[in-house]
Asker: 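One structure follows; several queries about it will come next.
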Amino acid sequence: MASEPEKVVPPVEAPVAEPAPPPSTTRPTDYFAVADVVLRLLVFASALVSVVVMSTSKETEMLPNPRPAKFTQSPALIYFVAALSVAGFFSLITTLGSLYSLIKPGCCAKIISHFIVIDVLLLGIVASATGAAGSVTYVGLKGNTYVGWGKVCTMYGKFCRYLGASIGVSLFASVMLVLLVLLSVYSLSKKIPK
(Lines give C-alpha, C1' and ligand atoms only; values in the text may rest on other atoms or scores of the structure.)
Protein backbone atom coordinates (compact mmCIF):
# COMPACT_ATOMS: atom_id res chain seq x y z
CA MET A 1 0.00 0.00 0.00
CA ALA A 2 1.07 3.24 -0.82
CA SER A 3 1.48 5.45 2.07
CA GLU A 4 -0.51 8.48 2.09
CA PRO A 5 1.33 11.66 2.35
CA GLU A 6 1.09 13.11 5.74
CA LYS A 7 -0.94 16.17 6.04
CA VAL A 8 1.03 19.03 7.27
CA VAL A 9 -0.96 21.13 9.61
CA PRO A 10 0.27 24.67 9.82
CA PRO A 11 1.09 25.70 13.34
CA VAL A 12 -1.62 27.67 15.06
CA GLU A 13 -0.47 31.17 15.59
CA ALA A 14 -1.08 32.68 18.93
CA PRO A 15 -3.36 35.69 18.76
CA VAL A 16 -1.36 38.83 18.69
CA ALA A 17 -2.41 41.19 21.42
CA GLU A 18 -3.00 44.64 20.14
CA PRO A 19 -1.35 47.33 22.17
CA ALA A 20 -3.67 49.03 24.63
CA PRO A 21 -4.72 52.51 23.69
CA PRO A 22 -2.91 55.20 25.60
CA PRO A 23 -4.71 56.36 28.71
CA SER A 24 -6.96 59.31 28.19
CA THR A 25 -5.47 62.55 29.38
CA THR A 26 -8.83 64.29 29.71
CA ARG A 27 -10.94 63.89 32.82
CA PRO A 28 -14.66 63.35 32.56
CA THR A 29 -16.54 66.61 32.84
CA ASP A 30 -18.15 67.24 36.20
CA TYR A 31 -21.43 68.81 35.15
CA PHE A 32 -22.28 69.85 38.71
CA ALA A 33 -19.11 71.92 38.91
CA VAL A 34 -19.80 73.53 35.54
CA ALA A 35 -23.38 74.33 36.59
CA ASP A 36 -22.01 75.75 39.84
CA VAL A 37 -19.71 78.12 37.97
CA VAL A 38 -22.49 79.20 35.60
CA LEU A 39 -24.94 79.86 38.45
CA ARG A 40 -22.34 81.85 40.36
CA LEU A 41 -21.64 83.96 37.28
CA LEU A 42 -25.38 84.55 36.90
CA VAL A 43 -25.62 85.67 40.54
CA PHE A 44 -22.72 88.07 40.00
CA ALA A 45 -24.19 89.48 36.79
CA SER A 46 -27.66 89.93 38.25
CA ALA A 47 -26.32 91.57 41.41
CA LEU A 48 -24.19 93.92 39.33
CA VAL A 49 -27.08 94.84 37.03
CA SER A 50 -29.40 95.37 39.98
CA VAL A 51 -26.93 97.68 41.75
CA VAL A 52 -26.24 99.68 38.58
CA VAL A 53 -29.94 100.10 37.78
CA MET A 54 -30.77 101.13 41.35
CA SER A 55 -27.82 103.52 41.53
CA THR A 56 -28.81 105.26 38.33
CA SER A 57 -32.45 105.66 39.35
CA LYS A 58 -32.80 109.40 39.74
CA GLU A 59 -35.56 111.65 38.57
CA THR A 60 -36.30 115.28 39.30
CA GLU A 61 -39.88 116.46 39.07
CA MET A 62 -40.59 120.14 38.65
CA LEU A 63 -43.27 120.87 41.18
CA PRO A 64 -43.51 124.37 42.58
CA ASN A 65 -39.87 123.71 43.51
CA PRO A 66 -37.62 120.95 42.04
CA ARG A 67 -37.75 117.72 44.01
CA PRO A 68 -35.39 114.89 43.12
CA ALA A 69 -36.16 111.23 43.80
CA LYS A 70 -33.03 109.17 44.49
CA PHE A 71 -32.39 105.81 46.08
CA THR A 72 -30.30 107.52 48.79
CA GLN A 73 -33.46 109.05 50.26
CA SER A 74 -34.68 105.70 51.60
CA PRO A 75 -32.75 103.56 54.10
CA ALA A 76 -34.34 100.42 52.64
CA LEU A 77 -33.00 101.22 49.18
CA ILE A 78 -29.56 102.03 50.59
CA TYR A 79 -29.61 98.64 52.34
CA PHE A 80 -30.66 97.07 49.02
CA VAL A 81 -27.66 98.54 47.17
CA ALA A 82 -25.27 97.59 49.98
CA ALA A 83 -26.60 94.03 50.24
CA LEU A 84 -26.50 93.41 46.51
CA SER A 85 -22.98 94.86 46.34
CA VAL A 86 -21.85 92.40 49.01
CA ALA A 87 -23.61 89.55 47.20
CA GLY A 88 -21.93 90.47 43.92
CA PHE A 89 -18.52 90.67 45.57
CA PHE A 90 -18.84 87.31 47.31
CA SER A 91 -20.30 85.65 44.23
CA LEU A 92 -17.25 86.79 42.28
CA ILE A 93 -14.92 85.36 44.94
CA THR A 94 -16.83 82.07 45.11
CA THR A 95 -16.84 81.89 41.30
CA LEU A 96 -13.05 81.97 41.36
CA GLY A 97 -13.04 79.29 44.08
CA SER A 98 -15.48 77.20 42.08
CA LEU A 99 -13.26 77.49 39.00
CA TYR A 100 -10.32 76.36 41.13
CA SER A 101 -12.25 73.33 42.34
CA LEU A 102 -13.15 72.58 38.73
CA ILE A 103 -9.46 72.56 37.79
CA LYS A 104 -8.32 70.70 40.94
CA PRO A 105 -11.17 68.30 41.77
CA GLY A 106 -9.52 66.78 44.86
CA CYS A 107 -10.40 69.67 47.15
CA CYS A 108 -14.08 69.77 46.32
CA ALA A 109 -15.80 68.56 49.50
CA LYS A 110 -14.24 71.12 51.78
CA ILE A 111 -14.83 74.01 49.39
CA ILE A 112 -18.42 72.98 48.71
CA SER A 113 -19.19 72.85 52.42
CA HIS A 114 -17.88 76.41 52.83
CA PHE A 115 -19.80 77.55 49.78
CA ILE A 116 -23.06 76.21 51.20
CA VAL A 117 -22.68 78.40 54.29
CA ILE A 118 -21.77 81.48 52.22
CA ASP A 119 -24.61 80.88 49.77
CA VAL A 120 -27.21 80.50 52.52
CA LEU A 121 -26.01 83.72 54.17
CA LEU A 122 -26.07 85.56 50.86
CA LEU A 123 -29.54 84.21 50.11
CA GLY A 124 -30.82 85.58 53.42
CA ILE A 125 -29.20 88.96 52.82
CA VAL A 126 -30.39 89.29 49.21
CA ALA A 127 -33.92 88.09 50.01
CA SER A 128 -34.29 90.49 52.95
CA ALA A 129 -32.94 93.42 50.91
CA THR A 130 -35.27 92.58 48.04
CA GLY A 131 -38.21 92.43 50.42
CA ALA A 132 -37.30 95.74 52.04
CA ALA A 133 -36.88 97.50 48.69
CA GLY A 134 -40.02 95.85 47.36
CA SER A 135 -42.08 97.10 50.28
CA VAL A 136 -40.87 100.68 49.81
CA THR A 137 -41.55 100.46 46.07
CA TYR A 138 -45.01 99.04 46.67
CA VAL A 139 -45.90 101.90 49.00
CA GLY A 140 -44.60 104.32 46.35
CA LEU A 141 -46.71 102.60 43.71
CA LYS A 142 -49.97 102.11 45.63
CA GLY A 143 -49.66 104.58 48.47
CA ASN A 144 -51.09 103.96 51.93
CA THR A 145 -54.44 105.57 52.57
CA TYR A 146 -54.50 104.60 56.25
CA VAL A 147 -51.60 106.88 57.12
CA GLY A 148 -52.16 109.41 54.35
CA TRP A 149 -49.23 108.49 52.08
CA GLY A 150 -50.02 109.26 48.48
CA LYS A 151 -48.88 107.49 45.37
CA VAL A 152 -45.41 108.65 44.37
CA CYS A 153 -45.05 106.67 41.16
CA THR A 154 -47.64 108.81 39.40
CA MET A 155 -45.18 111.72 39.55
CA TYR A 156 -41.88 109.80 39.38
CA GLY A 157 -42.63 107.19 36.73
CA LYS A 158 -39.07 106.66 35.49
CA PHE A 159 -37.74 106.34 39.04
CA CYS A 160 -40.36 103.70 39.90
CA ARG A 161 -39.68 101.75 36.69
CA TYR A 162 -35.97 101.64 37.59
CA LEU A 163 -36.82 100.44 41.09
CA GLY A 164 -39.12 97.74 39.73
CA ALA A 165 -36.52 96.53 37.24
CA SER A 166 -33.83 96.43 39.90
CA ILE A 167 -36.05 94.47 42.28
CA GLY A 168 -36.99 92.04 39.50
CA VAL A 169 -33.34 91.35 38.71
CA SER A 170 -32.58 90.86 42.41
CA LEU A 171 -35.41 88.32 42.61
CA PHE A 172 -33.65 86.45 39.82
CA ALA A 173 -30.45 86.57 41.89
CA SER A 174 -32.36 85.12 44.85
CA VAL A 175 -33.64 82.23 42.73
CA MET A 176 -30.10 81.57 41.46
CA LEU A 177 -28.85 81.47 45.06
CA VAL A 178 -31.57 78.95 45.98
CA LEU A 179 -30.49 76.79 43.04
CA LEU A 180 -26.85 77.13 44.13
CA VAL A 181 -27.67 75.94 47.65
CA LEU A 182 -29.63 72.97 46.31
CA LEU A 183 -26.89 72.07 43.82
CA SER A 184 -24.16 72.35 46.45
CA VAL A 185 -26.05 70.18 48.94
CA TYR A 186 -26.75 67.58 46.27
CA SER A 187 -23.17 67.45 44.99
CA LEU A 188 -21.83 67.27 48.56
CA SER A 189 -24.20 64.40 49.35
CA LYS A 190 -22.82 62.53 46.32
CA LYS A 191 -19.32 62.75 47.81
CA ILE A 192 -20.29 61.12 51.11
CA PRO A 193 -19.22 57.47 51.06
CA LYS A 194 -22.06 55.02 51.50
Asker: Determine yes or no for a side-chain-to-main-chain donor-acceptor pair under 3.5 angstrom, with Ser55 supplying the side chain and Val52 the backbone.
Answerer: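 Here the side-chain-to-backbone pair does not exist.
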Asker: Can you list the steps and then say if Val117 with His114 is a side-chain contact (heavy atoms from CB on, under 4.5 Å)?
Answerer: CA-CA 5 Å; Val117 173; His114 291 296; 6.0 Å; no
Asker: Any cation-pi pair here, Lys158 with Tyr162, using under 6.0 Å and within 45°?
Answerer: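 Checked: cation-pi criterion met.
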Asker: Quick one, Cys160 with Thr137, criterion side-chain contact (heavy atoms from CB on, under 4.5 Å). Give me CA distance, side-chain angles, the key distance, then yes/no.
Answerer: CA-CA 7 Å; Cys160 289; Thr137 305; 5.5 Å; no
Asker: According to a hydrophobic-cluster definition based on side-chain heavy atoms being under 4.5 Å apart (Ile, Leu, Val, Met, Phe, Trp, Tyr only), do Val175 and Leu39 belong together?
Answerer: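 Yes; Leu39 is reachable from Val175 via cluster members.
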Asker: Please tell me whether Tyr79 and Ser74 have a donor and an acceptor in their side chains that are separated by less than 3.5 angstrom.
Answerer: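 Side-chain D/A pair, Tyr79 to Ser74: absent.
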Asker: Hey, what do you get for CZ (Phe90) to CD1 (Ile118), rounding to the nearest 0.5 Å?
Answerer: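 The CZ atom of Phe90 sits 6.5 Å away from the CD1 atom of Ile118.
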Asker: Measuring from atom CG of Leu92 to atom CG of Leu48, what distance do you get when rounded to the nearest 0.5 angstrom?
Answerer: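 Those atoms lie 9.5 Å apart.
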Asker: For the pair Ser189 (side chain) and Tyr186 (backbone), establish whether a donor and an acceptor sit closer than 3.5 Å, ignoring hydrogens and angles.
Answerer: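 It does hold such a pair.
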Asker: Give, for atom CG of Leu182 and atom CG of Asp119, the distance between the pair rounded to the nearest 0.5 Å.
Answerer: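 Between atom CG of Leu182 and atom CG of Asp119 there are 10.5 Å.
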Asker: Taking side chain as C-beta onward, heavy atoms only, is Val147 less than 4.5 Å from Asn144?
Answerer: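 Yes, side chains in contact.
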Asker: Will you find, in the side chains of Arg40 and Thr94, an N or O donor that is under 3.5 Å from an N or O acceptor?
Answerer: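 Yes.
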Asker: Could you grab the distance from atom CE of Met54 to atom NZ of Lys70, nearest 0.5 Å is fine?
Answerer: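 Taking CE in Met54 and NZ in Lys70, the distance rounds to 14.5 Å.
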Asker: Rounded to the nearest 0.5 Å, what's the gap from OG on Ser98 to CD1 on Ile103? Could you check?
Answerer: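 Output value for this atom pair is 10.0 Å.
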Asker: For side-chain contact (heavy atoms from CB on, under 4.5 Å), just list the numbers for Leu183 and Leu179, CA-CA rounded to whole Å, side-chain angles, deciding distance to a tenth of an Å, and then say yes or no.
Answerer: CA-CA 6 Å; Leu183 179 74; Leu179 292 176; over 6 Å; no
Asker: Answer yes or no: is there a side-chain heavy-atom contact under 4.5 Å between Val49 and Val53?
Answerer: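 The answer is yes, as the side chains (C-beta and beyond) meet within the 4.5 Å cut-off.
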Asker: With no hydrogens and no angle check, do the side chains of Ser166 and Ser50 hold a donor and an acceptor under 3.5 Å apart?
Answerer: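 The criterion, which ignores hydrogens and geometry beyond distance, is satisfied for Ser50 and Ser166.
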Asker: So do the side chains of Asp36 and Ser187 get within less than 4.5 Å of each other, counting heavy atoms only?
Answerer: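 Side chain of Asp36 against side chain of Ser187, heavy atoms only: no contact under 4.5 Å found.
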